S.K.: 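Mind looking over this structure? Questions follow.
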Amino acid sequence: MRSLIPLIAISLLFSLLPLAAEEIAGPNYDESKVPAYTLPDPLVFEDGKPVKSAEDWSKRRAELLNLFAEHVYGKTPVGRPDDMWFEPRKKVDDFLGGKATMEEIRIHFSAGDKGPFVDLLLVKPAKKKEGGFPTFVSPNFPGNQGINASPEITITQSWVRETKDAVKEGMVVDHHATEKSRGVQTSRWALEKIVDQGVAVATFYYGDLDPDFDDGFENGIHALYGKPAENEWGAIGAWAWGCSRVLDYLETDGSIDLKRVAVMGHSRLGKTALWAGAQDERFAMVVSNDSGCGGAALSRRRFGERVARINTSFPHWFVKNFRKYNENEAALPVDQHELIALIAPRLVYVASAVEDEWADPKGEFLSALHAGPVYELLGKKGVGVAEMPGLNTPVGETVRYHIRSGKHDVTDYDWDQYLKAILSL
Ligand code: GCU
């Protein structure tokens with residue numbers, strides 16, 4: 001009996017721990033409990049002076065980029081590593097039943113082949129296109145083999161997450177992807193639809209850059225640059241940086257339309273796409289698919305996932321400073337509409353799903369809406385409506401938004417809209 005007491009104490013402790021975390025940042029799904037808030041004005045400098053011209057905006061833009069680096073995502077090394085090099089590893093001419101070609105290119109971040117790298121999977125329409133292919137740069141969750149069942153795609157050797165289902169299905173063994181993981185997320189990658197429209201996809205496993213767990217930044221790209229200081233990049237910063245390095249490769253490819261390269265991501269990778277597109281103006285378009293807290297959703301609404309919750313569950317995603325705003329969002333010097341504004345005057349597409357309350361669809365819409373004044377200053381239109389549109393009714397031209405039926409996911413419906421958008425450029 002006596003020996004049971006410590007056991008009971010331990011299990012009690014464990015049953016209390018998740019509760020405590022829940023209390024820190026329990027989700028609110030009640031619109032009437034959204035606090036009154038005032039958003040920081042993207043068109044007012046830190047010193048209170050107004051931003052009146054495009055020239056002013058370029059200074060304000062730099063100021064906002066610094067604020068996001070300092071308070072949200074951490075400072076990112078500028079540009080590519082000097083020793084970066086590209087190693088073509090595979091080419092298949094007859095991909096997707098002959099509709100497409102596929103190439104695998106290893107992007108090495110240091111000289112030799114012992115350093116960190118990203119394995120890029122590039123799927124292009126088989127038919128050449130004058131002016132080159134518009135292209136989506138888009139990181140993936142399962143490893144490249146997970147986006148399509150083709151046996152030609154090389155299975156990632158990098159560390160992958162062990163979700164309960166993936167382990168049960170034998171798709172991940174000992175943190176490594178297996179044959180069974182081929183095509184596990186096919187439904188999220190409308191590859192045939194995309195290449196049928198003459199558009200290419202450049203994808204890579206996000207964990208190549210930084211494995212998605214709180215490991216003290218000892219591996220991935222952080223290892224090359226040295227353990228980040230407190231004010232430096234977390235995992236989202238690393239994944240976003242990787243999107244830019246893929247674009248560096250695309251610049252050397254010769255068959256890409258470099259005026260029409262979009263960065264697109266879902267969920268945590270939607271947060272990543274926004275931060276990548278905000279920093280790197282070579283991306284002509286940015287797509288945030290259900291990116292939620294720390295992505296398109298306004299932090300000050302405190303709806304669904306909140307800052308305290310995300311910093312507790314994923315302490316490695318953001319800069320340490322971001323934790324200062326746990327349950328204190330009103331003190332943030334920025335909010336996420338200003339992240340969208342950093343993409344101006346380029347095309348931005350914010351998408352929500354109605355069942356994805358965790359990501360706060362209304363907060364995502366409001367970010368798109370409140371980025372409008374910056375677009376207008378630069379001669380473009382904002383989202384073009386004052387209220388959230390109905391289900392499955394896309395709005396906007398340069399700032400686009402839709403809320404579709406269904407859950408947190410990427411569907412063909414979403415891709416249809418992103419394709420129209422990229423082809424409008
Ligand atoms: C969790 C997390 C979200 C994130 C999502 C995802 O739900 O709380 O912030 O967007 O994972 O990336 O799938």
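Residues: numbered from 1 along the sequence shown. Whatever order the structure lists them in is the order used to number ligands and atoms, beginning at 1. Just so it is clear, the structure is predicted and the values come from calculations on it, not from any experiment.
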S.K.: What protein heavy atom sits nearest atom 3 (C) of ligand 1, and how far off is it?
M.R.: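 Protein heavy atom with the smallest distance to atom 3 (C) of ligand 1: Glu305 OE1, 3.3 Å.
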S.K.: Regarding ligand 1, does Trp317 bring an N or O atom to under 3.5 Å of one of the ligand's N or O atoms?
M.R.: no
S.K.: Using a strict cut-off of 4.0 Å, indicate which atoms of ligand 1 neighbour a heavy atom of His408.
M.R.: 13 (O)
S.K.: Taking the ring centre of each residue, are His222 and Trp233 less than 6.0 Å apart?
M.R.: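 They qualify: ring centres under 6.0 Å apart.
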S.K.: Using the ring of each side chain (for Trp, its six-membered ring), is Phe303 parallel, tilted or perpendicular to Tyr29, with breaks at 30° and 60°?
M.R.: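 Plane angle over 60°, so perpendicular.
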S.K.: In terms of atom number and element, which parts of ligand 1 are under 4.0 angstrom from non-hydrogen atoms of Ile310?
M.R.: 9 (O)
S.K.: Against Ser352, only a single residue in Glu364, Glu357, Arg404, Lys362 fulfils side-chain hydrogen bond (donor to acceptor under 3.5 Å, both in side chains); can you say which?
M.R.: Glu364
S.K.: Ring centroid separation for Trp239 and Tyr73, is it under 6.0 angstrom?
M.R.: no
S.K.: Just need the protein heavy atom nearest to atom 7 (O) of ligand 1, so name the residue and atom and give the distance.
M.R.: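 Going atom by atom, the protein heavy atom closest to atom 7 (O) of ligand 1 ends up being Trp358 NE1, 3.1 Å.
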S.K.: I'd like to know if Asp248 and Arg245 make a salt bridge, using a cut-off of under 4.0 Å between side-chain N and carboxylate O.
M.R.: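 Yes.
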S.K.: Using the rule side-chain hydrogen bond (donor to acceptor under 3.5 Å, both in side chains), only one of Arg400, Arg260, Glu397 pairs with Ser424; which is it?
M.R.: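 The passing option is Arg400.
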S.K.: Does any N or O of ligand 1 fall below 3.5 Å from an N or O anywhere on Lys271, backbone included?
M.R.: yes
S.K.: What is the nearest protein non-hydrogen atom to atom 12 (O) of ligand 1, stated with its residue, atom name and distance?
M.R.: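 Its nearest protein heavy-atom neighbour is Arg268 NE, 2.6 Å.
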S.K.: Note the single closest protein heavy atom to atom 4 (C) of ligand 1, along with its residue, its atom name and the distance in Å.
M.R.: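 The answer is Ser267 OG, 3.4 Å.
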